[in-house]
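Below, all heavy atoms of this structure are taken into account, side chains as well, without hydrogens, waters or symmetry copies.
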Amino acid sequence: HAGLNLGNLSDEWVEQQAEAPIKYFYYLMKEGNVAAEFRAVEEKVAIKINAQGYLKLVQQNSLKTAFANYVPGETTETAVAGQKAARHDFTFTVDSGAKLKGRVYCFLKGQEGYTALFVGLEEFFDKLEPDFEAVVSGMTLGDAAAPNVPTPVAAKPTPVPTKPLPKPSLGLPVAHGDPGVGD
């Protein structure tokens, strides 16, 4: 199956239920608290476009609409999963007034567009960068790596607590609309 594959994630990344268009959704837990969130999206892109153009679409259709007080920051060129990618940093606020920083990677292969989004409290973002970079550097496309990767279930017990996770999060809009999130 073609598509975005994640490499081995540390035990601090706790998988959450993801609903389309989100393919992967994780919380990064530090000392029992949600320190950051990671979401990856795969989507069909019907127009011929490069990574920078795709980032502009993501900014218009997602970042500017989903994040209050979105302020664009630095945009650089990089590579993810062997593809040219646009890396974009930005800040925004949530209902609680907390200031968050985000980093999104946008890249394409054929007519598939991929975004990898990381967000965390602005004051801790720099300390979390190595965690984000480790996820990005492990990403692959297609099934090239799939046969060699053990299934995550067999690789480690999933550290999902039986009680609900600490109030998520960072107060972000959640795709599946959990009641109570962001109260």
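Counting heavy atoms from C-beta on, the side chains of K101 and D89 come closer than 4.5 Å. For the pair F38 and L28, the minimum side-chain heavy-atom distance is 4.5 Å or more. Looking at K30 and L128, their side chains come closer than 4.5 Å, going by heavy atoms from C-beta outward. In this structure, the side chains of V136 and Y105 come closer than 4.5 Å at one or more pairs of heavy atoms. The side-chain heavy atoms of Y54 and V45, taken from C-beta on, include a pair separated by under 4.5 Å. In this structure the side chain of L100 never reaches within 4.5 angstrom of the side chain of E122, judged on heavy atoms. When side chains are defined from C-beta on, N50 does not count as touching L108, because their heavy atoms never get closer than 4.5 Å. Counting only heavy atoms from C-beta outward, the side chains of V58 and V41 never approach each other to under 4.5 Å.
A cation-pi arrangement, defined by a distance under 6.0 Å to the six-membered ring centre and an angle within 45 degrees of its axis, is present between R39 and F25.
Between the CG atom of L9 and the CD atom of E15 there is a distance of 8.5 Å, given to the nearest 0.5 Å. Atoms CG and CZ, on L63 and F92 in that order, are 9.0 Å from each other to the nearest 0.5 Å. Here the CE-CG distance, from M29 to D131, works out to 13.0 Å after rounding to the nearest 0.5 Å. Note that the CG atom of N69 and the OG1 atom of T91 stand 8.5 Å from one another [nearest 0.5 Å]. Note that the NZ atom of K23 and the CG atom of N5 stand 5.5 Å from one another [nearest 0.5 Å].
A donor and an acceptor atom, one from each side chain of Q52 and K56, are nowhere located under 3.5 Å apart.
For the pair V119 and G102, the tightest heavy-atom approach, listed with the atom from each and the gap, is CG1-CA, 3.8 Å. Between C106 and T115, the shortest heavy-atom contact is SG-CG2, 3.7 Å. Scanning all heavy atoms of the two residues, the minimum distance from I22 to A18 falls at O-CB, 3.6 Å. Here the closest non-hydrogen pair linking Y27 and V34 is CD2-CG1, 3.8 Å. Nearest heavy atoms, A46 versus Q111: O-NE2, 3.9 Å. Smallest separation of non-hydrogen atoms from T93 and G97: CG2-O, 4.5 Å.
Of the charged side-chain nitrogens involved, at least one lies within less than 4.0 Å of a carboxylate oxygen, so that E133 and R103 count as a salt-bridged pair.
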Quiz item: E43 and Y114: side-chain contact (heavy atoms from CB on, under 4.5 Å), yes or no, with the steps?
Solution: CA-CA 7 Å; E43 62 184 346; Y114 303 93; over 6 Å; no

Quiz item: Stepwise, does the side-chain hydrogen bond (donor to acceptor under 3.5 Å, both in side chains) test hold for Y24 with E42?
Solution: CA-CA 9 Å; Y24 299 109; E42 267 183 28; 5.9 Å; no

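At distances below 3.5 Å, at least one donor-acceptor pair connects side-chain atoms of Q16 with backbone N or O atoms of V14. Using a distance-only test at 3.5 Å, with no hydrogens or angles considered, a donor-acceptor pair links the side chain of T65 to the main chain of S62.
The environment of K64 atom NZ is dense: over 12 non-hydrogen atoms of other residues, nucleotides or ligands sit within 6.0 angstrom.
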Identify each donor-acceptor pair in which a side-chain atom of residues 74-86 lies under 3.5 Å from a protein atom, sequence neighbours left out, and give them as a table.
from: T75; atom 1: OG1; to: H88; atom 2: ND1; distance (Å): 2.8

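Using a 4.5 Å cut-off between side-chain heavy atoms of Ile, Leu, Val, Met, Phe, Trp and Tyr, with links allowed through other members, F124 and F67 fall into the same hydrophobic cluster.
Ring orientation note: the planes of Y26 and W13 are nearly perpendicular, at an angle over 60° on the 30°/60° scale. Between Y70 and F90, the ring planes lie tilted relative to each other; the angle falls in the 30° to 60° range.
Annotation: F118 is not in aromatic contact with F125 [ring centroid separation under 6.0 Å not met].
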